[in-house]
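What follows is a short report on a single structure.
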Amino acid sequence: MTGKKDSKLFVVTIALLAVYLFWGGTYLGMKIAIESMPPFIMAGARFFLAGLVLFLIGRWKGAELPSAAEWRGAGIVGALLLLGGNGVVAWAQLKVPSAIASLLIATVPLWILVFNWIGGSKQKPTVGVMGGILFGLAGIAVLVVNPEGTGNQGIDTIGILALLFASICWSVGSLYSRKAKLPASPVMATALQ
């Protein structure tokens with residue numbers, strides 16, 4: 001039995017390390033890329049090329065051409081997630097260190113919880129969920145308010161507000177995507193966004 005537990009622990013550890021590497025790497029990559037090109041051009045080119053490749057893969061695997069309603073739903077989701085979410089994050093990194101950007105984007109679960117609750121979800125958050133979110137937000141606040149480790153003397157308020165706006169866009173887009181008319185193929189739905 002110990003072998004299975006050790007194996008599961010190993011897999012979970014590798015998965016967490018991958019999340020840390022890719023999550024942190026995304027913000028570092030954006031920070032490096034915006035040094036040589038405007039942030040919205042960088043993000044737009046990145047997502048257009050990825051979408052084109054996914055669209056071609058989806059069609060190659062037999063996905064149907066999307067309907068007008070599916071284009072509309074995916075367009076709204078894409079605008080919220082990729083333009084309002086990632087695009088604004090790329091822009092904000094002109095003003096805020098990538099470490100702070102990644103921390104503020106970690107507020108997405110809070111916004112999802114709040115908007116889901118406001119939207120009439122009958123599932124109320126448990127005390128444990130609320131405690132976890134508040135504990136996480138307290139940690140984020142400590143790191144953002146006291147940014148000595150970032151090497152900056154002060155944090156740009158507009159950049160901070162832009163990152164909170166990006167978090168809200170990502171949250172609204174995530175919730176909207178549950179109800180949006182999207183292609184049945186996940187590859188095609190992602191490509192359209």
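Note that the numbering runs from 1 along the sequence shown for the chain. Quick caveat, the model's predicted, so the values are computed rather than measured.
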#### Entry: Whether over 12 other heavy atoms sit under 6.0 Å from Phe115 CZ
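Result for CZ/Phe115: enclosed.
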
Other residues, nucleotides, ligands: >12 heavy atoms within 6.0 Å of Arg46 CZ: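 For Arg46, atom CZ is crowded (more than 12 foreign heavy atoms under 6.0 Å).
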
For residues [X] and [Y], determine if any side-chain heavy atom of one lies less than 4.5 Å from a side-chain heavy atom of the other.
X: Ile57; Y: Val53; result: yes
X: Val96; Y: Leu163; result: yes
X: Trp91; Y: Ile34; result: no

Testing the basics here: between [X] and [Y], what is the closest heavy-atom pair and its distance to 0.1 Å?
X: Val89; Y: Ala166; value: CG2-CB, 3.7 Å
X: Ala92; Y: Gly159; value: CB-O, 3.8 Å
X: Val88; Y: Phe40; value: N-CE2, 3.9 Å
X: Ala74; Y: Ala189; value: CB-O, 4.4 Å
X: Gly85; Y: Cys169; value: N-CB, 4.0 Å
X: Pro39; Y: Leu94; value: CG-CD1, 3.7 Å

May I ask whether [X] and [Y] are part of the same hydrophobic cluster, defined by side-chain heavy atoms of I, L, V, M, F, W, Y residues being less than 4.5 angstrom apart, directly or through others?
X: Leu134; Y: Leu164; result: no
X: Leu113; Y: Ile105; result: yes
X: Met30; Y: Ile158; result: yes
X: Val108; Y: Leu161; result: no
X: Leu52; Y: Trp60; result: no

*Could you state the interatomic distance from CZ (Phe47) to CE (Met42), rounded to the nearest 0.5 Å?*
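Result: 7.5 Å between the selected atoms.
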
- prompt: Can you tell me how far CG of Leu182 sits from OG of Ser67, rounded to the nearest 0.5 angstrom?
  reply: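 Answer rounded to 0.5 Å: 9.5 Å.
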
Residue pairs passing the side chain to side chain donor-acceptor pair (under 3.5 Å) test where at least one lies in residues 158-183, sequence neighbours excluded: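 Passing the test, one end in residues 158-183: Thr107-Ser167.
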
Does Leu175 form a side chain to side chain contact (heavy atoms under 4.5 Å, CB included) with Ile112? I'd like the steps, not just the answer. CA-CA 7 Å; Leu175 291 171; Ile112 288 177; 4.0 Å; yes

* Taking Lys31 for its side chain and Gln93 for its backbone only, find out whether a donor-acceptor pair lies under 3.5 Å. =>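 Side chain of Lys31 to backbone of Gln93, a donor-acceptor pair under 3.5 Å: yes, one is there.
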
**Report entry** Test applied, side chain to side chain contact (heavy atoms under 4.5 Å, CB included); reference residue, Gln193; option that passes from Ile76, Leu54, Val77, Leu80
**Finding:**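 Answer to the side chain to side chain contact (heavy atoms under 4.5 Å, CB included) test with Gln193 among Ile76, Leu54, Val77, Leu80: Val77.
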
Met188: hydrophobic cluster co-members (side-chain, 4.5 Å):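 Besides Met188, the hydrophobic cluster comprises Phe55, Leu65, Trp71, Leu192, listed by chain and residue number.
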
